[in-house]
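I have placed the structure first, in the form of structure tokens, so that the comments after it can refer back to it.
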Amino acid sequence: MTATIQFSRGIDEEAIPDVRLTRSKDGSSGTATFRFDNPKALASDTTQEITGMYMIDEEGELSTQDVKGKFVNGQPTALEAVYYMQSEEEWDRFMRFMERYAEEHGLEFSKS
């Protein structure tokens, strides 16, 4: 099974996101902010409703309902989603998903 991101169940998002991670100093919580420029989910021919962001891989599914659209001159141009992690276990699970997703989609990690 491949690692994929969906905004509507059953429809894989093709746009590759910019992902920014933050983590508390004690490692007990963190956030991942995804930005998708011109995602397929916002295409004019798409009739599917965006119900959240679903990160799906061989271990199961991670999801967030914190998804916002970005508009320029009334036209949708981007989606931003924030995934919150409340424990070290959730952080580790998210990182395993991201390692699979990055490997399959050619992403690389760089520290700021």
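- Minimum interatomic distance between W91 and T22 (heavy atoms only, all atoms of both residues): CZ3-O, 3.5 Å.
- Panel note: side chain Q86, backbone S28; no donor-acceptor pair is recorded below 3.5 Å.
- Note that OG1 of T2 and CG of D12 are 6.5 Å apart. Values are rounded to the nearest 0.5 Å.
- Dense packing is recorded around CZ of R23, with more than 12 heavy atoms of other residues, nucleotides or ligands lying under 6.0 Å away.
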Exercise for the section: Under the side chain to side chain contact (heavy atoms under 4.5 Å, CB included) rule, what do M55 and F34 come out as? Steps first, then yes or no, please. Expected result: CA-CA 11 Å; M55 298 168 279; F34 293 76; 3.7 Å; yes

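- Between E14 and K40 a salt bridge is recorded (basic side-chain N to carboxylate O distance below 4.0 Å).
- Y54 is linked by a ring-ring contact (aromatic ring centres under 6.0 Å, His included) to nothing, counting only residues two or more places apart in sequence or in another chain.
- Using a 4.0 Å cut-off between charged nitrogen and carboxylate oxygen, E61 and R9 count as a salt-bridge pair.
- Between the CD1 atom of I50 and the CD atom of Q6 there is a distance of 12.5 Å, given to the nearest 0.5 Å.
- Taking hydrophobic clusters as Ile, Leu, Val, Met, Phe, Trp and Tyr residues chained together by side-chain heavy-atom distances below 4.5 Å, I11 does not share a cluster with F7.
- For the side-chain contact (heavy atoms from CB on, under 4.5 Å) criterion with D92, the lone passing option out of M95, E88, E89 is E88.
- The two residues R100 and R93 come nearest to each other via the heavy atoms NH1-NH1, 4.1 Å.
- Crowding of E49 atom CD: a count of heavy atoms from other residues, nucleotides or ligands under 6.0 Å not exceeding 12.
- For the pair Y101/D57, no side-chain contact is recorded, criterion being any heavy-atom separation below 4.5 Å from C-beta on.
- You'll find the side chain of M98 stays beyond 4.5 Å of the side chain of E103, heavy atoms only.
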Output a table of donor-acceptor pairs, distance under 3.5 Å, between side-chain atoms of residues 76-84 and any protein atom two or more places apart or on a different chain; print 'none' if there are none.
unit_1: T77; atom_1: OG1; unit_2: K70; atom_2: O; d: 3.2
unit_1: E80; atom_1: OE2; unit_2: R35; atom_2: NH1; d: 3.1
unit_1: Y84; atom_1: OH; unit_2: D66; atom_2: OD2; d: 3.0

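- Across every non-hydrogen atom of M53 and I5, the tightest pair is CG-CG2, 3.6 Å.
- The heavy-atom pair separating A3 from F97 by the smallest distance is CB-CE1, 3.9 Å.
- Residues A15 and P39 approach most closely at CB-CA, 3.8 Å, considering heavy atoms.
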